[in-house]
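Contents: one structure, followed by commentary.
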Amino acid sequence: MSSVRRPPSTRARAHLPARSSLKPLTRRGVRRDSSSRRRLVSARAAQESDEEVSGVVGGLGKGNANVQRILGFRQTDGAEAEEVPKWQVMVQLSKPGTWVPVVWGVLCGAAASGNFHWIEGFPRDVSQSLACIILSGPCLTGFTQTINDWYDREIDAINEPNRPIPSGRVTGTDVAIQAIGLLVLGFAIAINLDQARGHEFPTLTCIAIFGTIISYMYSAPPFKLKANGWQGTYALGASYIALPWWAGQALFGELTLEIMLVTLMYSVAGLGIAIVNDFKSIEGDRELGLKSLPVQFGVDTAKYITVGTIDGFQLLVAAWLFGIGEKWYGLALLGLIVPQVVAQIRYFIPDPIKNDVKYQASAQPFLVLGILTTAFAVGHNPYH
Ligand SMILES: C/C(=C\COP(=O)(O)OP(=O)(O)O)CCC[C@H](C)CCC[C@H](C)CCCC(C)C
C-alpha cells in the first residue's frame, strides 16, 4: 500500500476541523503553515501519520478520492490538476468538509430554542433552518476558507503548490468574486431570515457580521489571529461551536447572555480538542519558536492540561444543567463524558503523540453528542 502524505482526511472524522491539520505535510514530513502554524514534524510522527491514513486513503477508488478533493480534505496531485474542472476547483477552495460542524451547531441551536417544530411548523421551520444552514456553511464558512487560502497563498506556494491559488488555477479575481458573492448571498439570507421571523432586533444579521469580522481577523493582517496559537485556536473553537449555535437559536427563539456564555464555555473544551493536534508537532513548533501548549509545558504537563480543559469544561456544563434543574440531561452529559475519559486513559495519556488521531476518533463523537444533549436540555428547560 503506497504511503501517502498526511491529508486533512485524517481529521475528517473530527467534529472540529483542526486548523493546522487541514494542511498536509510535505514529502519531507515538513508542514510549514502560514504565520503561526509553521511546524516541522518529526520524521517518526510523519511516518506514523502516513501509516494511519494509508489504510483510510490507500484503498479508496478514484471516485472517492475526487470527493475527498472537492470536500477540501485532499489536495490535487500535480498530474490531475490540469483535468479538474474550474467549478470543482472553486468548490474545493471553499472546503465543504469544514461546513459539517457548523451545520451541526445550527441544528443544536435550533434544538436549544425549543421552538423548532417539525410538524406544526412545516414547511416554514424546515426551510428556514435550511436557509440558516446555507448561510452558516456554504456562505460564511465558504467565505472564511476562501479568504484564508488567499492570505496563505505565499507560504502555500512553497509547501503546497498544487492548492487552487498557488497552482494558478484560481486567480485573485476569482477569489474576490467568490468571497464577495458568498458574503452578499449570506447577508441577503440573514436579513431575510430576520424579517421572516419578525425579529425586532436583527440578531442573525448581527451574528453574520460578527462571524465575518472574526473570519477576517483570523486570516488577514494586521490581526492574523491564527498567528497566535491561543487566540487562533480559541477563535476557531468558539466560531465553530458557539456562533452557529447562536444563529440556530436566535433564528427560532431567544438568545440570552447565559446561553452565549455556556456555548463559549463549550468552546474551551473545543480549544482542548484543538490542542490535541499540537502534540505531534512539538519538535517543529519548538524549532520555529511557536509556543504551543506542549512546547510551553512539556508533554506530560500539557497532556493533563489538555484533558483537564476538555473534561473540566464539559463537567462545568453538566453542573450548569443540574443547576437549572435538567438533571436527566445532566446525567446524560456525564454519561457521554465517561467514554471520553476512557479514551483519554487508554490512548491519549499513555502516548499523546502516537495516539492523537485514535483518541480524537474515539472521543469526539461523544463530545459532539454532548453538545446536542445540552442543546436539548436548554430547549426543554422552561426558563431558557
Ligand atoms: C479558515 C479556518 C481554518 C483554516 O485554518 P488554517 O489556515 O490553519 O488551515 P488550512 O491549512 O486548512 O488553511 C477557519 C476559521 C474560522 C474563523 C475563526 C471564523 C469562522 C466563522 C464562522 C464560520 C461564521 C459562522 C457565522 C454564522 C453562524 C452566521
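Whatever order the structure lists ligands and atoms in, that order sets their numbers, starting from 1.
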Next on the checklist: Nearest 0.5 Å, please: how far is CZ in Phe313 from OH in Tyr266?
Outcome noted: 12.5 Å
Item to check | Spatial distance of atom OG1 (Thr263) from atom CD1 (Ile259) [nearest 0.5 Å] | outcome: 7.5 Å
If the cut-off is 4.0 Å to any non-hydrogen atom of [X], which atoms of ligand 1 fall inside it?
{"X": "Lys95", "value": "10 (P), 12 (O), 13 (O)"}
{"X": "Asp152", "value": "7 (O), 13 (O)"}
{"X": "Leu236", "value": "3 (C), 14 (C), 15 (C), 16 (C)"}
{"X": "Leu243", "value": "28 (C)"}
{"X": "Ile214", "value": "18 (C)"}
{"X": "Pro244", "value": "28 (C)"}

Checklist entry - Are side-chain N/O atoms of Trp99 and Gln145 paired as donor and acceptor at under 3.5 Å? => result no
Item to check | Heavy-atom nearest option to atom 24 (C) of ligand 1, drawn from Leu140, Ile207, Leu204 | outcome: Leu140
Item to check | Heavy-atom nearest neighbour of atom 17 (C) of ligand 1 within options Val106, Leu193, Thr144 | outcome: Thr144
Next on the checklist: Regarding ligand 1, does Tyr218 bring an N or O atom to under 3.5 Å of one of the ligand's N or O atoms?
Outcome noted: yes
Next on the checklist: Does ligand 1 come near enough to Asn148 that some N or O of the ligand is less than 3.5 Å from an N or O of the residue?
Outcome noted: yes
Checklist entry - Does ligand 1 have a heavy atom under 4.0 Å from the side chain of Arg163, from its backbone, from both, or from neither? => result side chain
Checklist entry - Is there a donor-acceptor pair under 3.5 Å between the side chain of Glu254 and the backbone N or O of Ala250? => result no
Checklist entry - Is any NZ, NE, NH1 or NH2 atom of the basic residue among Asp174 and Arg169 found under 4.0 Å from an Asp or Glu carboxylate oxygen of the other? => result no
Look at atom [atom1] of [X] and say whether more than 12 heavy atoms of other residues, nucleotides or ligands are closer to it than 6.0 Å.
{"X": "Arg124", "atom1": "CZ", "answer": "yes"}
{"X": "His380", "atom1": "NE2", "answer": "no"}
{"X": "Lys86", "atom1": "NZ", "answer": "yes"}

